[in-house]
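Below: one structure, written as structure tokens.
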Amino acid sequence: MNELTLHKGSKMEPGNFISLNWINPLLKKLLKIKKKRTEAIGQIINTFGDPLLFLKYYVEPHCQHSNPADSSEDEPIATPRGSAFRLINNFLATEFINRDGSNQMFILADGGMGKTSLLIFMKVSHLTSFWPKRYNCELIKLDESTLRKIKSIPNTGNTILLLDALDEDPTSRNRVEQRIFELLSHTKQFFRVIITCRTKYVSNHYFDTYRETGKIAIGPYQCPTVYLSLLDDTQVIEYLTKRYPFTLVNKLLKIDNKKIQHAKTVVTKMRSLKMRPLLLSFIDEFSGIDITDLNEFKVYEFLVIKWINREIIKLHSMDKNYSIEPTRMLQACISLACFMHINDRRTVKDEEIDLLKNKIREIMHLKDLDLAGRSLLNRTADGSYRFAHYSIQEFLVARGIQNNYLANRKRPVRTTDLIKFFLFQMPLSGIKLSQVDLSRHTFNKGDFSGLDFSGSKVDSATFKECDLSYTSFSRSHLKNCSFHGCTMTQSQFEETSIDSMKVSNSLFTSASFFRSISRGLTITNCELINSDFSQAQLSILNMSECTLKHTRFDKATISLSEITSSTYTRGTFDNCQTVDSDIKPSKDDPFFFNWRT
């Protein structure tokens, strides 16, 4: 395996901060100190979950300098990968003189790839005294109170600060760069800082800079950055061997381990999904899954439904009179997830469940569940409810959107990249997309025909080679959007507010921009057939190299615009007003000159 490096610097005294060789003695010691260090362990359990569950079958992750998403998961291109532990040990053992971001590292990966587990391993290694003794370790889940917590930490020069889940930090919403700058400014005095985040949350802001330098750069700070790699086949087998160890009978009689053989069959069906540690940890659940057109949405749907059915069977075994339909229990989980999401929460207290029952009757059924072990919903030490992983909560929010649970809100719901990813893997017919904030989303080579974006927030969204036939954007606000290579038959943009929108190489057939208001609409190399711009207010319209057939501009106002090098056929411009505009056909066009005269 290649050894990855982050930077050059002088080495301090030798000493590991993290090692897979520690895992068994570490777990034994953790069990011993659990009662003595109840506060420290309790904080981890309340915030992140039981570390024993994270570490019991832990496999050392690999890391790389390129985004794994840039390669095919099913046909991975050879990418230099290295030991994440070795890289972290090198980072922690390298001496930096300047506080220019070199001592503050970002670890990026998609959801369920092991970012939090890696930090928990480091924190538990410190708690169980496996670290060099002079160094302290603080693990903090990023939220509104983070800066206050940071200010209260003593001896910062010998403290390694672990900050988890920037993408879940409410204070970073719509101000990612400012939030990162705050964190870097307030933590530069620490010995080392490691910040984890989902890749897409920061890649849109810093992708170009990272490609050039391998660092996230903000102001005076240039921070080393690495990606966690997808699991390879060797790591998957290592995990399965830990999960299903050979028994003494297997060894003495040289009998195959049937559990491992069965697990290998299942992971083969999962294809690239097996490379994600979170999904691999639920391997026992996948024995009956239909592998036809398997994707992340179907995997999470299968997991959730199977968990709910199992819990209902357990409840009925304890009380024969207990009866509830699985769909109602699912509604309870969806309702809880939606409540937590719109309130930027990861936990909900028991008494809050009692208050919510007045609005959501089904939610009381959650109190009946046996929330232990591999449950998808857990109870923290203080009795609060918490989904086993943030991606479970996100999946349930996507299901809530699918069922229009959030359709009556005054403002669109904030959506994470994973929520949108789930959303566009499920059937979209009948979904009111106005309940969702789809800003900056990329719609790529998909069939989105018939969808209703009316009233939706789709600022800075990109549509590439999409079928948008019979799709409605009426009364939406399209700001900084782009459409390229799209088909728009009978698409509706009526009474839509358009600001700095670009459309290229697209076909409009019977599309309507009736009474739309646009400023900065650019249409290039498009064909518009039987389309309607009647009564539209078109300011700073730039239309070039287009073909217009039977297109109407009746009673439209065209100002400060250029319509050049385009062909017109049998359109109508009755009572159309032009102000300070340059409108020229691509060639002598009798219709055009008759209209002008």
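For N174, the CG atom sits in a loose shell: 12 or fewer heavy atoms of surrounding residues, nucleotides or ligands are nearer than 6.0 Å. For K149, the NZ atom counts as densely surrounded, since its 6.0 Å shell holds more than 12 non-hydrogen atoms of other residues, nucleotides or ligands.
Two residues are said to be in side-chain contact when any heavy atoms from C-beta on lie closer than 4.5 Å; M340 and Q393 meet this criterion. Within the 4.5 Å cutoff, side-chain heavy atoms of Y390 are placed close to those of T416. With a 4.5 Å cut-off on side-chain heavy atoms, S391 and L418 count as touching. Looking only at side-chain heavy atoms (C-beta outward), L356 and F339 come within less than 4.5 Å of each other. Within the 4.5 Å cutoff, the side chain of N46 has no heavy atoms near those of the S384 side chain. Within the 4.5 Å cutoff, the side chain of D167 has no heavy atoms near those of the T196 side chain. Using a 4.5 Å heavy-atom cutoff, the side chains of L376 and F282 are in contact. C137 has its side chain within reach of L162: a pair of non-hydrogen atoms, C-beta onward, lies under 4.5 Å apart.
Salt bridge annotation for K298-E301: absent, with no cationic side-chain nitrogen under 4.0 angstrom from a carboxylate oxygen.
Scanning for salt bridge (Lys or Arg N to Asp or Glu O under 4.0 Å) contacts around D354 gives K367, with sequence neighbours left out. In this structure, the side chain to side chain contact (heavy atoms under 4.5 Å, CB included) partners of S454, at least two apart in sequence or on a different chain, are D452, S472, S474, R475. Applying the salt bridge (Lys or Arg N to Asp or Glu O under 4.0 Å) rule to K242 yields the partners E238; only residues at least two apart in sequence or on another chain are considered. With sequence neighbours excluded, the residues satisfying side chain to side chain contact (heavy atoms under 4.5 Å, CB included) with N403 are I334, R399, Y405. Annotation: salt bridge (Lys or Arg N to Asp or Glu O under 4.0 Å) contacts of R346 (sequence neighbours excluded): E168.
Between the S172 side chain and the L166 main chain, a donor and an acceptor come within less than 3.5 Å of each other. No donor-acceptor pair under 3.5 Å is formed between the side chain of T415 and the backbone N or O of K420. A distance-only check finds a donor-acceptor pair linking the side chain of Q104 to the backbone of L184 [under 3.5 Å]. The closest donor-acceptor contact from the side chain of N89 to the backbone of I18 lies under 3.5 Å. Of the possible polar contacts, none joining the K200 side chain to the D417 backbone as a donor-acceptor pair under 3.5 Å is found. Side-chain N or O atoms of N103 include one that pairs as donor or acceptor with a backbone N or O of K188 at under 3.5 Å. No donor-acceptor pair closer than 3.5 Å links the side chain of Q402 to the backbone N or O of L423. A donor-acceptor pair under 3.5 Å is absent between the side-chain atoms of T462 and the main chain of S482, judged by distance alone. Under a 3.5 Å cut-off, the side chain of T47 and the backbone N or O of I44 do not form any donor-acceptor pair. One N or O on the side chain of S19 and one on the backbone of N21 form a donor-acceptor pair closer than 3.5 Å.
Across all non-hydrogen atoms, the minimal contact from F190 to H186 is CE1-O, 4.1 Å. The minimum heavy-atom distance linking L396 with A337 is given by the pair CB-CB, 3.5 Å. The two residues K141 and A165 make their nearest non-hydrogen contact at CE-CB, 3.6 Å. Closest approach of P220 to F181, counting heavy atoms only: CD-CE1, 3.9 Å. Contact record, K29 with S129: NZ-CB, 3.8 Å, taken as the closest heavy-atom pair. Of all heavy-atom pairs between P68 and S229, the closest is CG-CA, 4.3 Å.
Taking the centre of each ring, F297 and F395 come in below the 6.0 Å mark.
The distance from the NE2 atom of H389 to the CG atom of L278 is 5.0 Å, given to the nearest 0.5 Å. For the atom pair CZ of R345 and CG of D143, the computed distance is 11.5 Å after rounding to the nearest 0.5 Å. Note that the CG atom of N155 and the CZ atom of F191 stand 11.5 Å from one another [nearest 0.5 Å]. Taken to the nearest 0.5 Å, the OG atom of S476 stands 10.0 Å off from the CG atom of D459. The line from CG of N90 to CZ of F17 is 11.0 Å long, rounded to the nearest 0.5 Å. One distance of note links SG of C197 with CD1 of I180; it measures 7.0 Å at 0.5 Å rounding.
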Legend entry - Criterion side chain to side chain contact (heavy atoms under 4.5 Å, CB included) on V226 and H65, from CA distance to verdict: CA-CA 5 Å; V226 294; H65 287 313; 3.8 Å; yes

Legend entry - Audit row: R379, Y385, side chain to side chain contact (heavy atoms under 4.5 Å, CB included) steps and yes/no: CA-CA 5 Å; R379 298 290 292 270; Y385 292 81; 3.1 Å; yes

Inset, instruction - Please lay out, stage by stage, how F422 and I401 fare under the test side chain to side chain contact (heavy atoms under 4.5 Å, CB included). - result: CA-CA 10 Å; F422 283 135; I401 293 170; over 6 Å; no

Inset, instruction - Evaluate the side chain to side chain contact (heavy atoms under 4.5 Å, CB included) criterion for residues I353 and V348: first the C-alpha distance (whole Å), next the side-chain angles of each, then the deciding distance (0.1 Å), finally the verdict. - result: CA-CA 7 Å; I353 297 290; V348 171; 4.1 Å; yes

Legend entry - Worked verdict on T159 versus E138 for side-chain hydrogen bond (donor to acceptor under 3.5 Å, both in side chains): CA-CA 7 Å; T159 297; E138 295 289 343; over 6 Å; no

Legend entry - Stepwise side-chain hydrogen bond (donor to acceptor under 3.5 Å, both in side chains) test for T442 and N444: CA-CA 6 Å; T442 297; N444 192 26; over 6 Å; no

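For the side chain to side chain contact (heavy atoms under 4.5 Å, CB included) criterion with M105, the lone passing option out of T225, V193, L87 is L87. Considering E182, E144, R179 as possible partners of T171, the one that fulfils the side chain to side chain donor-acceptor pair (under 3.5 Å) test is R179.
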Donor-acceptor pairs under 3.5 angstrom involving side-chain atoms of residues 112-122: please list them, not counting sequence neighbours.
unit_1	atom_1	unit_2	atom_2	d
K115	NZ	A109	O	3.3
K115	NZ	D110	O	3.0
T116	OG1	D164	OD1	3.3
T116	OG1	D164	OD2	2.8

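Note: Y58 and F85 have parallel aromatic rings, judged against thresholds of 30 and 60 degrees for the angle between ring planes.
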